[in-house]
Amino acid sequence: MAWLHTWAGLIVSWVLFAIFLGGTLACFDKELDYWMRPALHQLAPGPIAMDAAATTLREMAPHAETLYLRPPSARDPSIHGFVFEPGKPTIDVALNPRDGTRIPPTVGGNFFFVLHYNLQAGTPGVYLVGLAGMLMLLALVSGVIIHRRVFKDFFVFRPQAGGQRAWLDGHNLTGVLGLPFHLMIAYTGVIIMMSTYMTAGVQIGYHGDLAAYYAALSSTPHPVEQHRLPSRVASLNKILHDAVQRLGGPAQYLEIEHVHDASITISALAAGNDEVAGGRRNLIYDGTDGHFRGESESPPAAYRTYQFLSGLHRVQFGGAAIRWLYFLLGTAGCVMLATATQVWIEKRQRKAEAAGLRSGYGLVRALNIAVIAGMPLASVALLWANRLLPGNLAVRASWEAQSFYAVWLLATIWAVLRLRRGKPWRELFGMTAALLLALPLLNALTEPRSSLLASIVDHDWVLAGVDATALALGLGFAWLAWLNTRPRKNVRRDARIGAASASSHAARPREKSA
Amino acid sequence: MSEIPHSHLKRRQSTTARFRWAVASRTAAALFGGYLVTYASAALLTVVLPMSRINRAVTASLLSFVVWTAVAIWVFAARSAWRGWWTLLVAGAVMLVLAMTWRDYGMRP
């Protein structure tokens, strides 16, 4: 079983690290969205312009049958418009909640969310992430089987032993600490996209008719088309107001169906922020005169179970405290994966040195540095690009994304070039620390009204939280850079001692199982 | 493919080509054979579970990834890669044939 753990863990460690880091950052996607849209900071109080937002969205997608509008929430003051038209790129646009106009585009914190579920690579990316998630589930379950001394391992950490011993202790510590969380995250992560890659239920139960399957999942019947234009369109502002009253809480979004037909129907889904599975109640309104038609039935029990499981993963419930918990456990996951690759690499060091340059070992080491130290640097660079690119630039969002990739590529080149002569770990961690620590300064210089000081004065804790977290993470990366300043010679000597004790230590359980 | 019994697995041998092929074969079996068994089990469960159609389809899909995990781990514990392969292929084929045979029953509401 030990070999399954090593292999399943190894092949995908880098991909998983990217997924994990993206997911960890996506815990605060809406907060980052908000930070990256200075147009939304210090909004004057006033009514929410849902109708104006719908007009903007209709102009952007004149032929769309269905529009979605997400009203402002405690985490994000913008109105979000979504349009999903087959064969066309998805529209996901942030609108000013006061007048419904578009605000300067940005990839926002959503970039990390998309990176997390498809590596920014569309449907093939969904398959790859699903496979990586499945291998993570395997690595975790087989990991539990081989680590029979899970409890004891948790209290063993010998950083002084240096080298492989310390890395393996660190891997076991963060692995055991986060184990229940990681098991949950792996399983729920794989099932979220199950209708993409596990289609047996649809093939057998619905003869492959995906539309019929989705219709059975949603308990809201679709309106019957009347083939004439609506005489008038009801006020979304009034419908939202009424829905909030009836739900006794916020609405997640308004769905406007059959936009150009007399059968126009508007439904309001409850946000359900106090439920793991999210909102269940769905209110239906007539889209012409806005009268309340009734509530749709509860979703099927199995689908509600699916919603609960995916809700556990997507963490839209329970507020900031639980998101911080996920953020910290996600960070532990990143450390577990980083130490896993490090154990693998240290283990092969002597053998590779004997084999010489052609073993490809140097490239593996450089790529490992590029992934683990390069991706955090690229992520911070994205935030820098957001503040440095001019606000009126039409291609602003894609330039932001490209600066992320460009910095990651540069970090990779840096790791390859500096591997022999320099200290790429320290240098990249150091750069990340510098960019993070300087982020509040950059923010204050480019958007003075959104600075850390101004947001504290305004009691805007979401905005202040991003700057403060950047400072805290900057200190963390500075510490990592400092850790890597220890002379390499000592580490190598320690590694040999560590490797010797590790191999004798590792031999024991194998003998037992034999 | 002949196999090295676990008890004889020594460090020295772990780098031999034969060992590597055995690992590759089991990995492929866990991946492709595992997916076949998982897909087939979800298909069969969609037919036989005692609940409504949409609940059968969703429950079968939710359980499928538990099946895959168990199957993949079993492949690495099986006595040989070959044994892992044929067991998965036979089990997958049998379940798939049963699900296809009772397909109409599987579409009951």
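Labels below follow one simple rule: chain letters A, B, ... track the order of the sequence lines, proteins then strands, and each chain is numbered from 1. As the structure is a prediction and not an experimental result, all values here were calculated from the model.
- Side-chain contact check for Tyr213(A) versus Val58(B): some heavy-atom pair is nearer than 4.5 Å.
- A heavy-atom distance below 4.5 Å is found between the side chains of Tyr206(A) and Ile54(B).
- With values rounded to the nearest 0.5 angstrom, Met134(A) atom CE is found 6.5 Å from Thr38(B) atom OG1.
- With contacts defined as side-chain heavy-atom distances shorter than 4.5 Å, the pair Ile145(A)/Ile73(B) qualifies.
- Taken to the nearest 0.5 Å, the CZ atom of Phe65(B) stands 5.5 Å off from the OH atom of Tyr197(A).
- Contact of Tyr187(A) with chain B is made through the side chain alone, with heavy-atom distances under 4.5 Å.
- Put simply, the side chain of Asn55(B) does not reach to within 4.5 Å of the side chain of Tyr303(A), judged on heavy atoms.
- Note that the CE atom of Met194(A) and the CG atom of Leu62(B) stand 4.0 Å from one another [nearest 0.5 Å].
- Within the 4.5 angstrom heavy-atom criterion, atoms from both the backbone and the side chain of Met198(A) approach chain B.
- Here the CZ atom belonging to Arg53(B) is positioned 12.0 Å from the CD1 atom belonging to Ile204(A), to the nearest 0.5 angstrom.
- Between Ala200(A) and Ala42(B), the closest heavy-atom pair is CB-CB, 3.7 Å.
- Only the side chain of Leu131(A) comes within contact range of chain B, with at least one heavy atom under 4.5 Å from a heavy atom of that chain.
- In this structure, chain A has no heavy atom under 4.5 Å from any part of Leu44(B).
- Distance check: Gln203(A) CD to Met100(B) CE gives 8.5 Å after rounding to the nearest 0.5 Å.
- With a threshold of 4.5 angstrom between heavy atoms, Thr69(B) approaches chain A through its backbone and through its side chain.
- Contact of Ser195(A) with chain B is not made at all, since no heavy-atom distance falls under 4.5 Å.
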